[in-house]
Amino acid sequence: MQFARSSRRRRFGLELRFADVFGVESADRDRDRDRDSLSQVLRRTEQQQEPAEEEQEGHVLFGTLQGSVVGLRYYTGVVNKGEMVSLVREPQNPYDRNAVMVTNVYGNQVGHIRRQLAAPMAHIMDNNLAKVEGVVPYRTNNQFTMPVHLSFWGKEEKRMEVVNELSNHGFKLAPGSKGLSASGQGPSRAGTTLERFWTVPRKTTAVALTPEQLKNVFDKLFDDLMEDKTREMEAAEAVGTPLLPHQKQALAWMASRENSNDLPPFWEQQNNLYLNVLTNFAVKERPDKVQGGILADDMGLGKTLTTIALILTNFHNGKPLPLQKCAASPKSAVRVPKMVKGRNSSLESERSRSHFAEETPKVSASSSHPKRGSEASDVIVISDSDDAGEGVAPKKRAKRKESKGETSTSSTKGSVILSEDSDFAAALGEFLQGPSSQKKKAHKKSEGGDDTQGKTGKSVGARATLIVCPLSVLSNWLDQFEQHVSADVKMNVHVYYGTERIRDPKFLAKQDVVLTTYNILSTDYTDKRSSPLQAVSWLRVVLDEGHIVRNPAALQSKAVLALTAERRWVLSGTPVQNSLKDLWMLISFLKLKPFDIREWWNRVIQRPVMLGDHSGLQNLQALVKGITLRRTKNSRVGGRLLVELPQKKVFVEHVTLTEDERRRYERVRKDSRAIIKRYFREGTVLTNYADVLAILVRLRQFCCHPQLLEGAATPAGPTEKASTPDELRQYLVKKISLVLSSGSDEECAVCLDSLRQPVITYCAHVYCKPCICEVIRSEKENAKCPLCRMQLNIKELVEYPGEQENLDAAQDKDECLSSSKVDALMVHLFQLRSQDPKIKSLVVSQFTSFLSLLEVPLRQHGFDFTRLDGSMNQKSRVKAIQAFQDTAQGSPTIMLLSLKAGGVGLNLTAASRVFLMDPAWNPAAEDQCFDRCHRLGQKVDVVIIKFIVKDSVEENMVEIQQKKQKLVEKAFGMKNAEERKQSRIEDIRALMEL
DNA sequence: ACCGCCGGGTGCC
DNA sequence: ACCGCCGGGTGCC
């Protein structure tokens, strides 16, 4: 008894010490302290000191060790069979400065590591030689000690030091057996014997994933997250815009995530306990549910509208947000034309149904609008009726605002119609005190309806939703509130932004919605004690573009994590950009226990996945699935696309060469045919494949512009091999560049997939570097080129140096002759310019040199254009895209685009015309290019014009395209390498009409 | 803890 | 009896 008490005292003592040191940081901590144990406090402070927490990448398992946890009877933490435990150094322990304490997943202390073992462990842990992890393999029936299985993970170079330190204290590491990590082991069900647990190590396919594979994992991670999420929910009346079916589904899902009592992922109820099947941690109390999740819909599917609907529809107990109704008079004096225009008919009818149609419009909130150039500051005119005293407040506030001489954004339509009239707010005060307002209050009472707030005496806690977003979309949120909140209710939307922002938590807590930016959040957080945003207990926090928050070390991340809320949401079109760590940040924000603590995330998810552990991946997937809704524009609801896009019309325009061009074309064609014919005769088409491609490229380039051939290499016959190694190298670099830029979408003959890290062999065949290296490794000295059986040597592989800016001779010469195809394009561009100068076009070619040629006539005729191709760096790409997407007058109307530039994410919806200057080998590449502008966000029909030169290789390419398309449609894809090879030869034969 | 360890009591078999 | 052995008291770090 005495001991127990004294140890408790010690614990508090420690806690206080930590609170003293880090006490500045938060009310939040104080609130939570009751629930949190010492170790959690310790852990948190740790995180604050080293937020990055050492990277575990490259860590290997040194070995394992059986240790024991002692002193169980002094602590309350319980551990079950197979449960993971955490080992925390406790250097301040007055009895042993080597002390290592053991805590369970929830951070409750279980005991200590026996001192003999703690000594070397302390040394190892303090010097960062290894990370030590514990799993309790079984329980003994004694109440004093329990076994713990320790694994030592660290960098290979530290292995000896760790082994020595342990052996100096008489401990010997056993080779690691992965089965002892609790991850993926599943719940240790009754009957799982100790022996089985120990002697059946999980068979792991533990091959670390390459970055490529990881990328693939992420891509697939968010696939197919729709099943079971197709239930629809009607939005509250206050939502003025009818929701599309997929938005109703999202609403239903979000509401259920907020309301349902489901256990969080990986928790199961077993008898009277709740068990986390990944960590094997069990508790008596039901674990907190995660109220919220990640809405990861593609952009354009209406994440904003859905979120607004959620706010209005799902207040407490599944009821809608109680809002004061107000009249919506269409004849209202204050109305921004834009709003009227944007209104749709169903809204009108909605309004006419309103009980209060005769009443005076009410303004509920006014806030200045950063984008609209007024001083960024906000004034609330009226607050909800929950507070009896509020009735008078509006006038006072309105006055304050007036005295500051600010422009205000006021609303008649629902909450947020904008007004530039600064007198308006003052006038409003009168409105609100007028008879109509009182009448309404009376009416509302008699309705006895949805007033869940204070007046009824039933306190429901938090009311306000905080939305954090990048500044660039803040105005969009305001617009969307204006647009989508029904006219006959008023909603308090407060913008917390600008130097004059009202830093009053009580005031903020009264709002329906508070909008702010990540910057403001971070800035306020710098002075943690007085950050109003941190002081409010939010009903809901929404992180818009949530992927922005991903570096845990960043101030904004800390600020975000320190927000107090019942429900948390992340909105993001791209939730995982490149790393699992990004995802951790989001999981941590959502408070998905126990993964909000980095150690459990690392042990249970991140490391297993990085090591290629299949079950780790499954767990990750299950985790994501449980909290994420993601649909893309290709997702279907009941067989139909979520969103119908505007039409896409494709026209082919046949271009006739001039007599002169024709004559020269035929000459080039004849030479080319002769060479290729010879290859066919000799059966060496594949051995000389790069040359064949080069020849075809020349022909295709000629169709675009004869001048393109001038700089190009002459047909490289097999005779023309280089003599010195350096020349050979240059020759190969040229070849590989040719193959890759030929647009033929070459695939690697080993993996039959598109080329990754392309390399070229001395026999001029291109493969993925990893693929061909593997071939050479396995076949050793006898390795031969899979395509031509030539001897291979790993040292002879030449890598692709990357796209180089080839200085085009044509660009210098201002006097540039036109070509039939260029003329054809210009005709269209002229016509478009006179028709509607605002229409923007993409001019697409596979040949960047052709794009350069096109710049000349465009410049000559005064077209504003920008350019995007693979040789540009990230910065100039972004610049080019932004300039083009800008709708302002004077922005470029044409973008010269190289066919394959940019990833799938490239968004060029500003364009509604596409001119495809030359056909691609692969029709899918063309479609992907068209999708750059024919995608969500495109408002008008897209017209695509493909230029094809009559009687040329281009026509033959189109034929092959169509043939391929049919094969794809019939699901007769190429099956094996032989078929593919053969089909390529056939392609060439058809192209050259041989 | 059905242990280990400590230290006092004890002392042929 | 400056040992061994016995058995009660005791127990994390």
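In the text below, chain A, chain B and the rest are named by the order of the sequence lines, each starting its count at 1.
One can place CD of A/Q116 at 11 Å from C1' of C/dC13, the figure rounded to the nearest angstrom. Atom pair A/Q143:CD and B/dA1:P shows a separation of 8 Å (rounding to whole Å applied). Taking atom CG of A/L117 as the reference point, atom C1' of C/dC13 lies 13 Å away to the nearest angstrom. A/M146 has its CE atom 15 Å from the C1' atom of B/dA1, to the nearest Å. Nucleotide C/dC12 holds its C1' atom 6 Å from the OH atom of A/Y75, rounded to whole Å. For the pair A/R73 CZ and C/dC12 C1', the computed distance is 9 Å after rounding to whole Å. The separation between A/R115 atom CZ and C/dC12 atom C1' is 9 Å, rounded to whole Å. Distance CZ (A/R114) to P (B/dA1): 15 Å, rounded to an integer number of Å.
Side-chain contact between A/W600 and A/F281 is absent, with no heavy atoms from C-beta onward closer than 4.5 Å. In this structure, the side chains of A/R607 and A/W153 come closer than 4.5 Å at one or more pairs of heavy atoms.
Side-chain to base pairing of A/D96 with C/dC13: no donor and acceptor N or O lie closer than 3.5 Å to each other. For C/dC12, the base has no donor-acceptor partner in the side chain of A/Y95 [N/O atoms by modelled type, under 3.5 angstrom].
Considering NZ of A/K591 and CD of A/Q291, their distance stands at 13.5 Å, rounded to 0.5 Å. Summarising the geometry, atom CD belonging to A/Q556 is positioned 10.5 Å from atom CG belonging to A/L561; distances are rounded to the nearest 0.5 Å.
A gap of 22 Å separates the C1' atoms of C/dG8 and C/dC12, to the nearest Å. Nucleotides C/dG4 and C/dG9, compared at atom P, are 26 Å apart to the nearest Å.
With its glycosidic angle within 90° of 0, C/dA1 is assigned syn.
Dense packing is recorded around CG of A/D527, with more than 12 heavy atoms of other residues, nucleotides or ligands lying under 6.0 Å away.
Residue-level contact check: A/I113 touches the backbone only, with heavy atoms under 4.0 Å from sugar-phosphate atoms and none from bases.
By the stacking rule of 5.5 Å between ring centres and under 30° between planes, A/F144 does not stack on the base of C/dG11.
Nucleotide B/dC3: paired with C/dG11 (Watson-Crick or G-U wobble, both distances less than 3.5 Å).
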